[in-house]
Amino acid sequence: MLKELVKGLGTTLRYMFKRPVTVQYPEVKRPVRERFRGRHELKRFANGQERCIGCALCAAACPADAILVVPAENDPANPHSPGERYAAVYEINMLRCIFCGYCEDACPTNAIVLEHQYELSFYDRRASIYTKEMLLVPPDKGHGDPPPILQQINRQPSPPAKIDL
Amino acid sequence: MGIEEKAGNLGIVTTTLETVVNWGRTNAMWPLLFGLACCAIEMMGAQASNYDLSRFGMELNRASPRQADLMIVAGRVSRKMAPVVRRLYDQMPEPKWVIAMGDCAACGGIFNNYAIVQGVDEVVPVDVYVAGCPPRPEALIDGIMMLHQKVMREKISGKKEAPIRLDQPLVQVK
Amino acid sequence: MDWLTILIIVIQCFVITLAVTTAFAYLTLFERRLLARLQNRVGPNRAGPGGFLQPAADAVKLFFKEDIVPALADKPVYLLAPALAVIPALIIWAVIPFGCLNLNWDYQACYDPDRSNLWNILQITDLNIGILYVLAVTSIGVYGITLAGWASNNKYSMLGGIRSSAQLISYELALGCAILSVVMTYGTFSMHEIVSQQRGWLWGIIPQLLGFVIYMIAATAEVVRAPFDLVEAEQELTGGYNTEYGSMKFALFFMAEYIKLIAISALAVIFFFGGWHFPGLDILGREVTALAGPVVGSIVFGIVSLGAFLLKVTIFLFISVWVRASWPRLRYDRLMDLGWKWLLPLGLLNLVYTTVVIVLIPDRVVHSWILFGLGALTLAIAIGINRVPKPVDNVTFVNDIQLPSSQG
Amino acid sequence: MTEPITVPTPQQIIEPAISGRTETMVLNMGPHHPSTHGVLRLVLELDGEVVVNLAPDVGYLHTGIEKTMESKTYQKAVVLTDRMDYLAPLSNNLCYALAVEKLLEVEIPERAQIARVLLTELQRISSHLVWLGTHALDLAAMSVFLYAFREREQILDIFELVSGARMMTSYFRIGGLAYDLPADFLPTVEQFLAIMPSRIDEYEDLLTANPLWLERTVGVGVIDAQAAIALGLTGANLRATGVAYDVRKAMPYSGYETYSFEIPIGKNGDIYDRYRVRIAEMRQSVKIAQQAAERLRELGPGPVVTPNRKVAPPPKREITESMESLIHHFKLWTEGFKPPRGDAYVSIESPRGILGCYVVSDGSPKPWRVHFRAPSFINLQSLAHMAKGRLVADLVALIASLDPVLGEVDR
Amino acid sequence: MDNQTVLAALRDTVGREIRAVSEFRGDLSVTLTPAGYLAAAQFLRDDPELAYVFLENLCGVDYLGRKPRFEVVAHLTSLRHRHRVCLKVGCDEPDPTVPSLTPLFPTANYQERETFDLLGIKFAGHPSLTRILLPDDWVGHPLRKDHPLGDEEVAFTFNQERIYARKPFARE
């Protein structure tokens, strides 16, 4: 009887002399895995044009109906995106979004990508609706190479508008 | 409360006291041991060794609402559960805070249907909404940090000052 | 008694109360940090440098929390109960010798059995019935818990309250037996004398091995500490007697529990581990007195004895936390079984051994070792014949589905 | 059996107490109680601390998943199954996917099959770890909880590596997997599987032979095989009574018949046997996962989703090249596929027992009716049978040993 | 054990009560009259050769627009023969009632209560047919096809003020 009781004590005591596994979160951030699905970003092409062509396939694929896309015709002189249309309004309700990645799977131009930011806390429900300005990466960032997750899962982003939608 | 109501406004003393009290409140915020669904498992994950909420003095999960300061609504609140949540909230002594952890607690999330309350803020006032389905333990800790910031701006009586509302959340692009 | 003596006693009381409450506060931090380390975590480290101000944060928060009295509670009793719990826990300390700092500046008087020249500042009063006082006071503690459980008008609290009265009463007897054996061994009720008689190596654990084991189990149950924390039993009774208590009233219960834990650890040290003694203490006192005179000698002696005492208490507290981290909780009926069917008979047996052996063999060293042998033998037999279930591996492995013959 | 098996309702306990016909005390345990594993409410009839009768009251987490699934397309409904038994989302995914695949009659590539087995076995370990942790915590052995969660974190990390989410992976889609396994998947898994057995030993050191643990578990909550089958008890709870019934052996799915593993069974049907059986199951799962990892290594890269374009969308690079692929892609994501009329029932061995999925198709792209046979829901019925005459403390241990997940109970 | 053997055995005992038989994807399902449903379940359970002792699943389906509107589906499993058979029984409005399997299989208790709760199908002979998942004062049976899903509009910037203005937010 005593032996077993002492054995239990020994197991816990052993850990006192080991380093804790704790990650000191706000100071130390454990990097997430490459495929981690966090906050969305709308990507651009290398020439700065938006990848999103306003097809709303993401909104159709979303199980939580958290995406709103209102397409508009591109101005031929100064197009937002290759092709005829672009997303005039693109909103994601982050409190509805379940980060399932269906929008990413459905997007034919790999415009929407779930990136690695997971710190999404709000004081107010109104702040949880991310508009296109917030989702779209700045013109000088986040374009060129396909996003790493798509490289890893062996899906090449499509070249600029070969097909006319 | 008690003391501060009797003492009234003491000017600078109150302000200093306020800082001290708010410091105490943020560093010893005992959560109510209360889990509903999937998020509760991540909340337990946040308590566990890898994330260790005890670093913030939060490992004393109190099962009794009388001893709790923070209600983390972790999971979907059904119509049958809503009165229970409200009663627990009412049983908690002031000052008390509520975090709606996860999409379902925050606004119903994917369960946009007859059975789920579309946001626990229909039942109890919510201080911080944490998005994610379920949020990572880090995301929950981030939510708690945000709550701490809010608490630091509060009055000693626990009266809530409106937090600075960001019209646009901070957008980080790597 | 002149006014200076009274003033010193007042200061003593004040300092000790303060010290004990601070010790309680830091025991909570000690427990939380230690538990965390035993569980591969970090523990509170945010409030102040390295989490050092965590107890202060807890205190501030609890102090400024709303004070709720449930509408259907029995209000006077509900308010009285925390005080009833915490006062006995505090007044136990009146008789506990933390060390020996003789204000008459003669360290030798600490060993003097008739205590004529002793004015020990590290003990408030050396009652000649100190142990009876301790027993009496600890048994008052149960009222706080039971009344709290009853007054809250909550079924869980009531179950906790009932559990507490049953548990504390049944372990009181075993505890009494164990302590009485100690009293018999040293022939005194005075704490100071028990300690001073343990001079050198012959600590109380040697004659009273059995008594020590009974004392530890009974005392842990007495202060409802894991694995005997059935009164709170968070998983069963959501907090037991303190379910309906919040803010400072809850803190008082918490305080009572932890102060009692420190107190029983201190008592264990006094009864069984030589109190403030450690080998070589008198040599130290002699050398320092020879070197720097009796005043410094007494002060050094006092401080070192205090340090030795506190170190021993800390070891007991460590073990208490360690056990809490490692073992499951007992069940209520098994707890009663253990108390009545094992500890009480063993305690009575120990009492008989002690009486008979001491009367028959007056020599101190010889009877100590004989009692040690008897105690060890009894323990071995008790462990041998107990009926704790043995692990039986009923698990068999089958490679395909297989149904018992009665099942289609 | 002498006494007929009854399953009381809360009303049957409360009403006599209100009318004052009983001498006993009625205690509401839950829905907010530390050891009811969520929002289970138990109505207890107590005589002192002895449980005279009890009735579980469920529904505090009723989510309407079955109704919501009827309004989503088949593929989109996968994400809802994740959130049912939230300790084993992949098992739910698998059960639902198998049922729809049965309706569709699609073949799944071998690589996907093996990955499904590997990941569900990891899921079983992680689910049992939560059970072990909370079970030990309910008996106040708190360190086990933290150790178990530490290992679970590693499994969640593997899930994150594979699918991008820790818990709600939605990784098993109808027709295969959501994406291919990443390159560093196998080394990570093998590393984990190598250390896991020693960690299980550690938990056992703390519990298996500990007299306090034995006192709390041996001979408590006993149920015999006959009553267990009559009450529909499944999973480790059934196997602890000595009935060696495991769907993985009885009606194999996903190629389980090709793996070598054994079913651990108990004898007494008490809490201790359930504990031992689940611990043994964890070791068996490690064994299966190791075999699966070996097979994946041998098999090498390959397709992970059915080539049937009517069910699974084409690889994305194809849609820029082929018009047909683009049409399929759009059609599948907007409308979804249409299984033929009919119904299918599939059951799998989830960590909690037999998880069944009954899908009715009316030929439209949305399921007409989806019903889940939730093992926790049905296991809960036996609680009253096992707890009568025991103490409240035993009841706590008993609930934990049944391992109910309220998300699954209430759906 | 295969489908044909079971079917033949069923035809021998409750042959006249069988309404329809179907084999879809290798699964046998037999649609029976209410009386035949109970008799078939009892026969399958008690016959020593068949031994379908385990009621694996029981649920209801609302085929709105079909006659009969409701159908109760029960899956019986023979642990020994590793075989499952599906029994179906229809019932119709205004008072959809089927016999209860609870006296035969205690495990049917909760599943029948759930079916009653969500679909409103009554089970004659059930010991305590009350709501189980929904609150006792709930009106309606949500899994019926004519019951609305009860969803709320998802908030975006264009409609959030309108939604939140109507939403009953809690106060302190």
Side-chain angles (χ1 to χ4, degrees), chain D residues 4-12 55-64 66-68 70-71 102-103 105 226-227 229-234 243 245 247 249-251 340-347 354 356-358 360 362 368-369 371-374 377-378 380-382 385 409-411, chain E residues 22 24-27 29 45 53-66 71 73 75 77-84 86 88 102-111 113-115 117-119 127-136 138 142-145 147-151:
Chain D
I5 298 170
T6 53
V7 183
T9 60
Q11 289 88 346
Q12 287 168 347
D57 184 7
V58 297
Y60 286 94
L61 199 56
H62 178 58
T63 318
E66 288 172 8
K67 177 87 175 173
T68 312
E70 289 170 12
S71 69
K102 189 170 176 181
L103 274 178
E105 282 194 307
Q226 200 179 353
I229 292 176
L231 282 165
L233 210 61
T234 49
V243 182
Y245 187 79
V247 185
K249 289 279 188 196
M251 302 178 195
R341 271 168 174 276
D343 54 351
Y345 177 83
V346 165
S347 66
I354 298 179
C357 179
Y358 179 66
V360 181
D362 64 338
W368 180 258
R369 171 90 166 96
H371 174 78
F372 284 96
R373 182 223 188 259
F377 178 63
I378 291 161
L380 263 188
Q381 294 182 91
S382 56
H385 183 77
V409 171
D410 299 344
R411 279 156 293 152
Chain E
S22 85
F24 184 71
R25 308 281 186 249
D27 285 356
S29 47
R45 186 189 74 160
V53 293
F54 182 54
L55 176 76
E56 191 167 327
N57 177 42
L58 188 146
C59 68
V61 187
D62 174 12
Y63 291 100
L64 184 64
R66 207 180 82 174
E71 192 174 79
V73 182
H75 288 92
T77 305
S78 169
L79 301 181
R80 193 202 300 162
H81 301 302
R82 313 171 186 218
H83 190 258
R84 200 183 291 130
C86 170
K88 292 179 180 174
T102 310
L104 293 176
F105 302 94
T107 176
N109 191 318
Y110 270 23
Q111 307 188 53
R113 278 178 70 190
E114 186 199 349
T115 312
D117 192 0
L118 299 179
L119 278 161
S128 50
L129 200 64
T130 48
R131 286 198 183 272
I132 182 165
L133 293 178
L134 295 167
D136 289 331
W138 191 276
L143 268 185
R144 287 190 175 186
K145 286 285 174 183
H147 189 284
L149 179 61
D151 53 343

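Proteins come first, then strands; the chains are lettered A, B, ... in the order of their sequence lines, and each starts at number 1. Remember, predicted model here, so these are calculated numbers, not experimental data.
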Contact origin within E:Leu58 toward chain D - heavy atom pairs under 4.5 Å: backbone

From D:His62 atom NE2 to E:Glu114 atom CD, the distance as rounded to the nearest 0.5 Å: 8.0 Å

Sidechain-backbone polar pair: E:Arg25 side chain, D:Lys102 backbone, donor-acceptor under 3.5 Å: yes

E:Asn109, part contacting chain D, at a heavy-atom distance under 4.5 Å: both

Contact origin within D:Asp362 toward chain E - heavy atom pairs under 4.5 Å: neither

Contact origin within E:His83 toward chain D - heavy atom pairs under 4.5 Å: backbone

Residue part contacting chain D, namely of E:Ile132, when any heavy atom lies under 4.5 Å: both

Donor-acceptor pair between E:Glu56 and D:Ser347 side chains, under 3.5 angstrom: yes

Heavy-atom proximity to chain D below 4.5 Å, by part of E:Leu129: neither

Chain D contact via E:Arg144 - which portion, at a heavy-atom distance below 4.5 Å: backbone

Proximal component of D:Leu103, with respect to chain E [non-hydrogen, under 4.5 Å]: both

Engaged part of E:Asp62 at the chain D interface, taking heavy atoms whose separation is under 4.5 Å: backbone

Toward chain E, the part of D:Tyr245 with a non-hydrogen atom under 4.5 Å: side chain

Interface moiety of E:Thr130 toward chain D, non-hydrogen atoms closer than 4.5 Å: side chain

Heavy-atom proximity to chain E below 4.5 Å, by part of D:Val360: side chain

Exercise: do E:Arg113 and D:Thr9 side chains pair donor with acceptor under 3.5 Å: no

Which atoms of E:Pro148 approach chain D - backbone, side chain, both or neither, heavy atom under 4.5 Å: backbone

Contacting moiety of D:Leu231, where chain E heavy atoms sit under 4.5 Å: both

E:Ser22 versus chain D, the contacting section by heavy-atom distance below 4.5 Å: neither

Side-chain (D:Gln381) to main-chain (E:Tyr110) donor-acceptor, under 3.5 angstrom: yes

Part of D:Val409 lying under 4.5 Å from any heavy atom of chain E: backbone

D:Arg341 atom CZ, neighbour heavy-atom count above 12 within 6.0 Å: no

Reported NZ-to-CZ distance for the pair E:Lys145 and D:Arg369, which is rounded to 0.5 angstrom: 8.5 Å

